[in-house]
Amino acid sequence: MPTAKNFYESVYAVVRQIPYGCVTSYGAIAKAIGAPKSARMVGYALQHSPGDVPAHRVLNRNGVLTGKHHFPGENLMQQLLENEGLTVITNQVQNFEKHFWEPKIQ
DNA sequence: TGAGTGACTGTAA
DNA sequence: CTTACAGCCACTC
């Protein structure tokens, strides 16, 4: 079995821990799982993520919805974030630092 | 086996 | 301040 699957599962596990109304960055997740250089892989993993993973809460370090186009709808990601009390303008989350949640390793 | 790709990040100009 | 370039790891063809 590919050991990389553990990497994916680790990403999913961290993303599932993101509380309601909070967001984080790919690099933060990558660092949380012990691979700060693999931020790109986090995004790649989210692309293969199951439906029970709140991938809409994961943005880049800039607070921009880089993966918005990968969601079913054209503005679904933004709608989900706004539904959680966040403000999104031009694919960018306002007060990103304020809603930022740092992943924790259990 | 090797080369190409990507939901990123940090540093330089 | 904004824009550009290179590094990085895992996966697919």
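FYI, side chains are in, hydrogens and waters are out, and symmetry mates aren't considered; it's all heavy atoms of this structure. So you know, we letter chains A, B, ... as the sequences are listed, proteins then strands, and number each from 1.
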For this session: Report the hydrophobic cluster partners of A/Y20, with the cluster defined as I, L, V, M, F, W, Y residues connected by side-chain heavy atoms closer than 4.5 angstrom, directly or transitively.
Result: none
Exercise. From A/H70 NE2 over to A/M77 CE, what is the distance, rounded to the nearest 0.5 angstrom?
Worked result: 10.0 Å
Exercise. When rounded to the nearest 0.5 angstrom, what is the spacing between NE2 in A/H69 and CG in A/N75?
Worked result: 11.0 Å
I need the [atom1]-[atom2] distance between [X] and [N], as an integer number of Å.
X     : N      : atom1 : atom2 : answer
A/F7  : C/dA10 : CZ    : C1'   : 7 Å
A/Y44 : B/dT5  : OH    : C1'   : 7 Å
A/N75 : B/dA7  : CG    : C1'   : 17 Å
A/E9  : C/dC11 : CD    : P     : 12 Å
A/Q47 : C/dT12 : CD    : P     : 11 Å
A/I18 : B/dA7  : CD1   : C1'   : 13 Å
A/Q92 : C/dT2  : CD    : P     : 10 Å
A/K31 : C/dC8  : NZ    : P     : 18 Å

Exercise. Nearest of C/dA10, C/dT12, B/dA7 to any side-chain atom of A/Y8?
Worked result: C/dA10
For this session: Please tell me which of the listed nucleotides, B/dA7, C/dT12, C/dC9, lies nearest to the side chain of A/S38?
Result: C/dC9
Problem set entry | Ring geometry between A/Y12 and A/Y8 (parallel below 30°, tilted from 30 to 60°, perpendicular above 60°) | perpendicular
Exercise. Which heavy atom of A/F7 sits nearest a heavy atom of A/I33, and at what distance?
Worked result: CE1-CD1, 3.4 Å
For this session: Considering non-hydrogen atoms only, spot the tightest contact between A/P54 and A/R16 and give its length.
Result: CD-CA, 4.1 Å
For this session: Answer with base, sugar-phosphate or nothing: what part of the nucleic acid does A/A45 contact at a heavy-atom distance below 4.0 Å?
Result: nothing
Seminar exercise, completed: Counting primed atoms, P, OP1 and OP2 as sugar-phosphate and everything else as base, the B/S/- map of nucleotides 8-13 of chain B against protein heavy atoms under 4.0 Å is BSS---
Exercise. Looking just at side-chain N and O atoms, do A/E84 and A/H99 make a donor-acceptor pair shorter than 3.5 Å?
Worked result: no
